[in-house]
2 protein chains.
Amino acid sequence: MADGKKLRYSQQRERIYEYLLSSKEHHPSAEMVYDALRSEIQGLSLGTVYRNLRLLEDLGKIRRVASHQGIDRYDSCCSDHVHFFCQSCGYIENVPKADIEKIRAAVPLGSSYQLFKLDLTLTGLCSKCTIKEITKE
Amino acid sequence: MADGKKLRYSQQRERIYEYLLSSKEHHPSAEMVYDALRSEIQGLSLGTVYRNLRLLEDLGKIRRVASHQGIDRYDSCCSDHVHFFCQSCGYIENVPKADIEKIRAAVPLGSSYQLFKLDLTLTGLCSKCTIKEITKE
DNA sequence: ATCGATGCAAAGGGTTTGCAGGAGC
DNA sequence: GCTCCTGCAAACCCTTTGCATCGAT
């Protein structure tokens, strides 16, 4: 992080970043990224995916979402926003209507604190899984 | 979780729960609990700490706070509230003045969703570490 | 006496890292 | 050609689990 190394282009890194941009609604894990790209990039290794996710995070281009069930998930959107984690299907959705300013205002922090980021995660059952549950009974 | 087993008293479990109650402000990890109790409970094993933390969580007596840096932290308070995670010292504090109702109101969820819990984590530098940082420069 | 809880150590599973070869500049 | 990046596999680290024994009821 912020070391003197010069960044060099790599196809792998570009594809990984592109994939993250294209799957804003999935919030994929490292393994999900790997599975999605391994057919397209011959001989891609999981280690490379991890290294690039970490690098992109250090560069501030992506954001690591608080991990669920011990697995880190990634988001190409770096601004504060709200996530909904479905316990049943494991998907992480954005909650687009959330009012971030209102949330910030509800959290008064002393002036001696420095706030870098804010993560609000709702846990429950998503729309699909709720309907499945109702239908089953 | 919710299996037919009958709970039996154990000194270890009692102490672990007591320790969590007494360290509401620390939000300790399993290892922190272990380190704090091993001198007091002869031959305590880390596995037992993990087993009991999980059991207490399943019983709804404690809450697992979203893990930071890959390590789970525990909280004896089970109601929704706001945490402040300090990147520098690793402490997790409560943000007592946070207005949970206001936060809930800022997050409109479709009626087809079921919300079980809400986790808001602020990340930054706590008061102490901010002052340290300023003093250093 | 029964069966849950413990201690110990080994196994799991996600993530990181060392190394030799390959690719960008 | 100098470095960074990659693939591979081993190492790491937190957490879980199998097993024999201990302990609560």
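In the text below, chain A, chain B and the rest are named by the order of the sequence lines, each starting its count at 1.
Classified by interplanar angle (parallel below 30°, tilted 30° to 60°, perpendicular above 60°), the ring pair B:H26/B:Y91 is tilted. The aromatic rings of A:H27 and A:H83 sit perpendicular to each other, their planes meeting at more than 60°, with 30° as the lower class boundary. Under the 30°/60° scheme for interplanar angles, the aromatic rings of B:F85 and B:H68 are found to lie parallel.
Between A:E31 atom CD and C:dT15 atom C1' there is a gap of 11 Å when expressed in whole angstrom units. Rounded to whole angstrom, the span from the CE atom of A:M32 across to the P atom of C:dT15 amounts to 11 Å. Rounded to whole angstrom, the span from the CG atom of B:N52 across to the C1' atom of C:dT6 amounts to 9 Å. Atoms CG (B:L44) and P (C:dT6) sit 9 Å apart, rounded to a whole Å. A:R38 places its CZ atom 13 Å from the C1' atom of D:dG7, with the value rounded to the nearest Å. Whole-Å rounding puts the B:I41 CD1 to C:dA5 P distance at 15 Å. Following rounding to the nearest Å, B:L55 (CG) and C:dG4 (C1') show an atom-to-atom distance of 11 Å. Rounded to an integer number of Å, the gap from CD of B:Q69 to C1' of C:dG14 is 16 Å.
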Taking only N/O atoms, report every protein-nucleotides 16-23 of chain C pair under 3.5 Å with atom names and distance.
| unit_1 | atom_1 | unit_2 | atom_2 | d |
| --- | --- | --- | --- | --- |
| C:dT16 | OP1 | A:R54 | NH2 | 3.0 |
| C:dG18 | O6 | A:R51 | NH1 | 3.2 |

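Between A:S10 and the phosphate of D:dT6, there is a side-chain N or O to OP1/OP2 separation shorter than 4.0 Å.
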Full working for side-chain contact (heavy atoms from CB on, under 4.5 Å) between B:K24 and B:L21: CA-CA 6 Å; B:K24 282 187 201 299; B:L21 285 175; 4.0 Å; yes
Applying salt bridge (charged side-chain N to carboxylate O under 4.0 Å, His left out) to B:D99 and A:K102, what does each step give before you reach the verdict? CA-CA 10 Å; B:D99 185 340; A:K102 205 172 181 178; over 6 Å; no
Could you go through the side-chain hydrogen bond (donor to acceptor under 3.5 Å, both in side chains) check for B:Y19 and B:E40 one step at a time? CA-CA 11 Å; B:Y19 181 72; B:E40 169 183 342; over 6 Å; no
Salt bridge (charged side-chain N to carboxylate O under 4.0 Å, His left out) between B:D119 and B:R63, worked out: CA-CA 11 Å; B:D119 286 297; B:R63 179 170 179 155; 3.1 Å; yes
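Residue whose closest nucleotide on DNA chain D sits further toward the 5' end, between B:Q11 and A:V49: A:V49.
A donor-acceptor pair is defined here as one N or O able to donate and one able to accept, closer than 3.5 Å; such a pair exists between the side chain of B:R13 and the backbone of B:R8.
The number of heavy atoms from other shown groups lying within 6.0 Å of CD (B:E18) is above 12.
Near DNA chain D, meaning a heavy atom under 4.0 Å from it, residues 13-30 of chain B has no residue at all.
Rounded to 10 degrees, the angle between the two end axes of the helix from C:dA1-D:dT25 to C:dC25-D:dG1 is 30°, with five pairs used at each end.
When side chains are defined from C-beta on, A:Y113 does not count as touching B:T130, because their heavy atoms never get closer than 4.5 Å. Looking at heavy atoms from C-beta onward, A:L53 lies in side-chain contact with A:L20 at the 4.5 angstrom threshold.
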